[in-house]
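Structure, as structure tokens:
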Amino acid sequence: MLPKESLTGRLLAVLLVFTASACTYLPVSDRAAQDSLAPPDPSIVSGPHPKPLAPCAWWYGIGAKPTSLQLKFAAEHYSLVVLNAWETGALRRLRQLNPKVKVLVYKDFSSTRNYPGTVDNGVDATYLPTGLGFAATEKAHPDWFALDTADKRIEWAGYEKHWQMTVWTEAYQRAWTKSVVDEVVREGWDGVLADNDFSSLRFYSPAVLKGTADVEATDRLLRDGYDSFLGIAGDELQKAGKMLVPNVSESHLRPGRWTAHSRYDGAMEENFGLRDDGGGAELLTFRGNEFKELRAQAALGESWLLLVTHTASPREERVGYATAALLAGPYTCWNGASPDYKNPSWSQYQEAGLGEAVEAANRMPNGLWTRAYSNGWVVVNPTSTAVQVTPPAGLVDINGVAPTLPFELAGADAKVLVKPKAGPTSPPIKPPTVPITPPTTTTKPLPPIPPKPASSAPGTAPGGAEHTLPS
């Protein structure tokens with residue numbers, strides 16, 4: 001459990017004061033974690049500066065049942081892993097292989113579900129992707145199901161038998177919290193990855209909640225609900241010595257939201273480095289106040305930034321990793337999902353060997369962001385306009401090819417350059433995979449604000465992550 005004293009206030013205090021902080025590819029050592037807890041700027045806190053290493057890796061492993069080879073790979077390469085609630089055997093195996101890996105259980109803040117595997121023959125499963133079971137809640141507290149203005153329950157579009165709950169009511173919040181805390185303590189998880197800490201219902205349903213006047217009022221009720229819900233769940237998990245990491249969505253639209261909702265043990269950004277194809281093609285992560293808040297959290301070095309870039313092409317992969325390198329901190333971890341989280345994901349950029357950052361991330365007058373490392377250099381162009389770039393001399397890309405000097409960096413693109421490697425190179429690391437029959441999916445086009453990808457497959461978790469339920 002990381003210290004929480006005045007974390008939100010400290011984040012706000014350093015929103016405009018940033019420098020480098022540390023992380024490692026492999027699980028963070030006790031000494032590295034201890035050395036990185038103080039904010040590195042001496043004007044705020046005196047003490048040793050942490051080593052700002054390249055972003056660590058993590059796995060959002062809530063797809064198919066992990067194989068023994070995948071768990072061995074995860075123990076050797078990831079600092080944090082998220083698993084489904086029924087994967088208690090995988091949890092114990094990871095504990096044996098590497099006790100330093102943090103292992104969180106997936107739980108949804110917002111829904112209860114009754115597709116096969118969650119409810120069978122009218123009985124809730126023992127282990128659920130939600131905090132509360134559908135059958136038990138329907139019997140004891142049907143009032144916890146959210147209703148629209150026609151007094152109908154709200155089923156999420158694209159997610160069959162996922163039902164919106166009254167996340168703004170204290171009774172639901174406390175029941176969810178008790179159930180989840182009891183399970184986390186009993187099974188020995190390090191904490192919870194709480195999905196669907198969202199700011200708008202419209203990605204799942206056009207419904208207006210009963211008692212609200214319109215869509216905007218509905219969204220305000222939900223946002224206020226998550227604010228209080230987070231405090232109740234976070235406090236109780238903290239008392240139990242456990243972590244809370246919510247999946248916070250659309251934080252670029254609400255200044256201060258990321259800071260407030262990451263105040264316990266961090267937060268997840270599942271659309272990191274996403275390009276706004278509908279509104280100018282710039283990177284949404286840099287819009288509004290979000291990037292400032294991410295930098296402040298990374299600089300404090302007290303909580304996790306779990307970053308996911310959907311790598312549909314090589315551009316997304318290099319943009320995601322390079323942007324994460326701008327934020328490198330002791331708990332800054334990046335995952336280049338490709339794109340459904342079924343198997344462990346590993347990017348060649350995670351083997352780039354950037355080394356230690358020798359400066360803070362810098363914003364240039366032309367809009368570029370750069371950061372120099374002891375063994376390389378990264379540049380990100382978050383704008384929609386191509387810019388001429390002159391990198392430090394003597395560097396090559398991750399394939400060993402020297403760039404033309406200067407070169408043109410397209411809008412919403414990035415480049416990772418490193419020193420040439422001497423001698424023979426090792427073959428790239430490839431995580432083990434297993435043959436999986438993909439579900440039938442229906443993908444919605446991206447509007448200007450990033451939605452969560454939809455799927456028609458039963459058992460699919462919001463946020464683009466698929467659950468394979470226990471038989």
Side-chain angles (χ1 to χ4, degrees), residues 1-2 22-36 53 55-107 125-129 180-195 237-238 240-245 265-266 268 303-304 306 308 330-335 337 341-347 350-351 426 429-436 461 465-471:
M1 176 59 63
L2 302 173
C23 196
T24 59
Y25 283 176
L26 300 180
V28 179
S29 69
D30 292 340
R31 178 61 185 273
Q34 179 181 3
D35 289 348
S36 66
L53 303 180
C56 52
W58 73 291
W59 179 27
Y60 199 32
I62 58 174
K65 182 178 182 63
T67 67
S68 59
L69 287 177
Q70 289 172 340
L71 292 174
K72 184 176 184 296
F73 183 89
E76 294 171 350
H77 294 88
Y78 299 129
S79 295
L80 183 145
V81 174
V82 179
L83 296 173
N84 287 313
W86 47 90
E87 299 294 356
T88 54
L91 164 67
R92 290 189 290 272
R93 182 57 179 155
L94 281 172
R95 286 272 187 271
Q96 294 172 347
L97 292 169
N98 189 344
K100 294 180 181 179
V101 176
K102 295 295 184 184
V103 190
L104 307 184
V105 62
Y106 175 98
K107 291 290 181 179
T126 301
Y127 299 105
L128 296 168
V180 169
V181 172
D182 287 350
E183 180 178 345
V184 167
V185 171
R186 181 181 68 246
E187 302 297 341
W189 299 97
D190 287 308
V192 179
L193 189 290
D195 198 10
L237 283 162
Q238 183 176 348
K242 302 296 181 178
M243 298 166 57
L244 174 63
V245 179
D265 297 276
M268 171 183 170
S303 56
W304 296 85
L306 301 183
V308 179
Y331 302 102
T332 300
C333 290
W334 177 77
N335 176 7
Y341 314 112
K342 288 178 186 173
N343 296 311
S345 178
W346 189 256
S347 167
Q350 288 165 319
E351 301 172 52
S426 301
I429 298 171
K430 293 184 179 180
T433 60
V434 293
I436 298 175
E466 296 168 3
H467 289 279
T468 302
L469 291 168
S471 58

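Heavy-atom basis, side chains included; hydrogens, waters and symmetry copies ignored.
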Exercise for the section: Check the angle between the aromatic planes of His77 and Trp346 and answer parallel, tilted or perpendicular using the 30° and 60° thresholds. Expected result: perpendicular

Problem - Nearest heavy-atom neighbours spanning Trp189 and Arg95 - result: C-NH2, 4.0 Å

Problem - Sub-4.5 Å side-chain heavy-atom contact between Ile429 and Glu351 - result: yes

Handout entry: Heavy-atom pair of closest approach, residues Leu94 and Ala74
Key = CD2-CB, 4.1 Å

Handout entry: Where Leu128 and Trp86 come nearest, the two heavy atoms and their spacing
Key = C-CZ3, 4.2 Å

Handout entry: With sequence neighbours excluded, residues passing side chain to side chain contact (heavy atoms under 4.5 Å, CB included) with Arg92
Key = Thr88

Exercise for the section: Ignoring hydrogens and angles, state whether a donor on the side chain of Trp334 or Gln350 is under 3.5 Å from an acceptor on the partner side chain. Expected result: no

Exercise for the section: Give, for atom CD1 of Ile62 and atom CD of Glu87, the distance between the pair rounded to the nearest 0.5 Å. Expected result: 11.0 Å

Exercise for the section: Over all heavy atoms of both residues, which pair between Val185 and Ala240 is shortest? Give the atoms and the distance, please. Expected result: CG2-CB, 3.9 Å

Handout entry: Gap separating the CG atom of Asn84 from the NZ atom of Lys107, nearest 0.5 angstrom
Key = 9.5 Å

Problem - From CG (Leu71) to CG (Leu83), nearest 0.5 Å - result: 7.5 Å

Handout entry: Side-chain heavy atoms of Cys333 within contact of Tyr78, under 4.5 Å
Key = no

Problem - Pair Phe73 and Trp59, ring centroids less than 6.0 Å apart - result: no

Handout entry: Rounded distance [0.5 Å steps], NZ in Lys102 versus CG in Leu306
Key = 12.5 Å

Practice task
Let me know which of Val101, Leu104, Leu193 forms a side-chain contact (heavy atoms from CB on, under 4.5 Å) with Val81.
Solution key: Val101

Exercise for the section: Considering non-hydrogen atoms only, spot the tightest contact between Cys56 and Ser79 and give its length. Expected result: CB-OG, 3.5 Å

Completion exercise
For Glu183 and Ala85, the nearest pair of non-hydrogen atoms, with its separation, is OE2-CB, 3.5 Å

Practice task
For residues Met268 and Val308, determine if any side-chain heavy atom of one lies less than 4.5 Å from a side-chain heavy atom of the other.
Solution key: yes

